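Residue numbers begin at 1 in each chain, while the letters A, B, ... track the order of the sequences. All of these numbers come straight from a predicted model, not from anything done at the bench.
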Number of protein chains: 2
Amino acid sequence: MDPISILVVDDHQMVLDGLSAMLRPFADEAIVVATTTDPNKARSLAAELHPQVALLDVRMKAMSGLELCEHLRRDDPQLKIVLLTVYDDEQYLFQGLRAGASGYLTKQVVAEDLVAHLRRVLDGEVVVDPSLAGRVALSAARLDRGEFWPGAHLGLSQRESEVLELMVHGNSNRAVAARLMLGEETIKTHVRSIFRKLEVSDRTQAVALALREGIFL
Amino acid sequence: MDPISILVVDDHQMVLDGLSAMLRPFADEAIVVATTTDPNKARSLAAELHPQVALLDVRMKAMSGLELCEHLRRDDPQLKIVLLTVYDDEQYLFQGLRAGASGYLTKQVVAEDLVAHLRRVLDGEVVVDPSLAGRVALSAARLDRGEFWPGAHLGLSQRESEVLELMVHGNSNRAVAARLMLGEETIKTHVRSIFRKLEVSDRTQAVALALREGIFL
DNA sequence: ACCGTCCTCCCCCGAGAGAGGGAGGCAAAG
DNA sequence: CTTTGCCTCCCTCTCTCGGGGGAGGACGGT
């Protein structure tokens with residue numbers, strides 16, 4: 001496995017240096033390929049280097065991490081984004097996740113935990129710092145344990161969420177069935193449930209809603 | 001042609017009254033079916049009455065017009081939205097258009113211009129107050145003159161762009177045809193052209209691509 | 001024990017979607 | 001003038017989609 005390539009964006013040069021130094025001993029698992037204090041430069045860096053993950057400070061002078069997060073996701077939906085904060089409050093957590101972030105960590109995180117978290121993020125999971133997870137009670141706790149799945153806030157079940165994601169990626173009912181190793185009729189039932197819960201009448205509207213909600217890449 | 005049904009949302013009762021009075025002489029072309037100062041109530045009103053157009057103030061206490069715009073479009077993608085502002089700056093213009101608005105007018109607008117603008121909006125055009133259009137230079141000017149259309153950078157023609165937008169908003173081929181006053185077969189031809197240019201094979205993927213590119217709302 | 005939700009699969013059936021072809025008009029560019 | 005692209009409309013054909021119904025098993029809460 002190649003080491004995870006990381007782009008770091010933070011107002012404070014100190015943090016950039018600190019993170020790079022912190023991860024250097026783990027160079028075989030994760031390497032910082034670029035750092036910048038300029039959010040605008042972050043976009044061009046991401047476009048040039050195509051890192052796998054971007055670590056963003058939530059609060060920055062020029063542009064908020066949340067705003068930058070949206071920009072980066074628009075530029076490259078594949079890029080995973082993890083928000084960093086010194087503030088261990090949950091105020092920006094949900095905003096961050098809504099903006100498309102895959103993780104929300106405090107700067108107290110230690111290197112080996114960070115590496116582990118990044119690996120989970122690349123596996124498609126959403127990671128939240130346990131110290132935050134404790135405070136945001138149920139919802140965030142579920143998030144951290146993986147009991148949470150995209151679209152849950154819309155009332156979708158886990159299976160329905162999986163089906164919707166495959167629909168978003170252009171799969172037909174039959175293709176979804178093949179990927180999930182289920183019968184096509186089963187998928188059609190799930191699809192009808194999704195329509196009912198999302199209050200739409202066809203897959204195009206369902207996909208449009210999912211993308212507008214920012215549920216899937 | 002039935003008169004255009006309008007929902008007006010504004011913080012100031014004065015403006016609501018003013019608009020209603022202003023449009024009364026044009027009752028055969030456009031009628032205000034409901035007004036409210038409460039953005040939250042606007043959503044239920046829109047759901048009940050299904051007006052064709054919603055006129056929203058950009059700046060309101062409870063909720064910004066931009067936010068409300070997104071909500072309303074989510075509730076009913078068919079609903080056209082025109083933003084009203086006292087501020088003749090272009091600051092919120094692009095945000096508004098990104099939020100799904102079909103028009104951006106200043107409150108200096110006179111009744112007959114407003115009616116004309118609303119009719120153009122219902123025809124699928126995007127209208128911008130000329131006094132603003134002058135300032136936002138090239139891009140907005142082109143928008144206003146129709147020389148520019150979303151998706152042009154993907155090689156789509158203007159007609160194809162219009163069709164794609166209506167597809168994104170959940171319209172079937174037949175519905176698109178009705179809205180553009182064309183034959184369904186014509187739409188199917190355009191749709192095939194869109195698929196070819198976008199290198200996709202069905203409308204769901206086309207819509208997903210458009211939304212990911214951020215072309216439409 | 002019952003009810004609700006989820007997950008799985010089956011049937012029928014109509015309507016729409018999408019691929020394939022053709023065709024006429026019109027304007028800009030070669 | 002011919003080509004190329006765009007816009008409009010028509011035909012056939014296949015297949016997926018989406019609505020309607022039912023059914024059985026699993027799990028968890030009341």
Side-chain angles (χ1 to χ4, degrees), chain A residues 138 141-142 145-210, chain B residues 77-78 123-125 145-210:
Chain A
L138 292 165
R142 285 183 187 150
R145 295 195 222 106
E147 296 174 9
F148 192 72
W149 57 88
H153 63 99
L154 297 174
L156 297 183
S157 71
Q158 190 162 6
R159 217 21 156 189
E160 289 158 358
S161 175
E162 293 175 321
V163 172
L164 217 205
E165 179 169 20
L166 290 168
M167 285 167 63
V168 168
H169 292 352
N171 294 97
S172 65
N173 288 340
R174 188 168 297 169
V176 173
R179 281 183 169 259
L180 296 180
M181 298 189 298
L182 295 172
E184 185 175 349
E185 296 303 322
T186 305
I187 301 305
K188 290 178 71 175
T189 304
H190 288 314
V191 168
R192 279 199 295 272
S193 298
I194 293 170
F195 291 168
R196 189 169 26 82
K197 290 182 177 178
L198 264 44
E199 297 177 332
V200 298
S201 55
D202 61 62
R203 68 203 298 106
T204 304
Q205 294 177 55
V207 166
L209 182 71
Chain B
Q78 313 298 340
D123 282 336
E125 288 190 51
R145 294 196 222 107
E147 295 175 8
F148 187 73
W149 61 87
H153 62 100
L154 296 174
L156 297 183
S157 71
Q158 188 165 5
R159 222 14 162 193
E160 288 158 358
S161 174
E162 293 175 319
V163 172
L164 217 204
E165 179 170 21
L166 290 168
M167 286 166 62
V168 167
H169 293 348
N171 294 96
S172 67
N173 288 339
R174 188 168 299 168
V176 173
R179 288 195 163 244
L180 297 180
M181 298 189 298
L182 295 172
E184 184 176 349
E185 296 304 320
T186 304
I187 302 305
K188 292 177 75 173
T189 304
H190 288 315
V191 168
R192 279 198 297 275
S193 298
I194 293 170
F195 291 168
R196 189 169 28 81
K197 290 181 178 179
L198 264 44
E199 296 177 333
V200 298
S201 54
D202 60 62
R203 68 202 297 104
T204 304
Q205 294 178 54
V207 166
L209 196 151

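- The shortest side-chain heavy-atom distance between A:L182 and A:R159 falls under the 4.5 Å cut-off.
- Contact record, A:T204 with B:R203: OG1-CG, 3.4 Å, taken as the closest heavy-atom pair.
- OP1 or OP2 of D:dC7 has at least one side-chain nitrogen or oxygen of B:S157 nearer than 4.0 Å.
- Counting all heavy atoms, side chain and backbone alike, A:V168 lies closest to B:A208 at O-CB, 3.9 Å.
- Here the side chains of B:Q205 and B:F195 are not in contact, with every heavy-atom distance at 4.5 Å or above.
- Using a 4.0 Å cut-off on heavy atoms, the residues of residues 173-192 of chain B that approach DNA chain C are B:N173, B:R174, B:K188, B:R192, listed by number.
- Within the 4.5 Å cutoff, no side-chain heavy atoms of B:L164 are placed close to those of B:V191.
- Within residues 196-208 of chain B, the residues approached by DNA chain C to less than 4.0 Å at the level of any non-hydrogen atom are B:S201, B:D202, B:R203, in residue-number order.
- Considering every non-hydrogen atom in both B:M167 and B:A206, the closest pair reads CE-CB, 4.3 Å.
- The distance from atom CD of A:Q158 to atom C1' of D:dC27 is 14 Å, rounded to the nearest whole Å.
- Counted within 6.0 Å of CD on B:Q78, heavy atoms from surrounding residues, nucleotides or ligands total more than 12; the atom is thus considered enclosed.
- In this structure, the side chains of B:L209 and B:E199 stay at 4.5 Å or more apart for every pair of heavy atoms.
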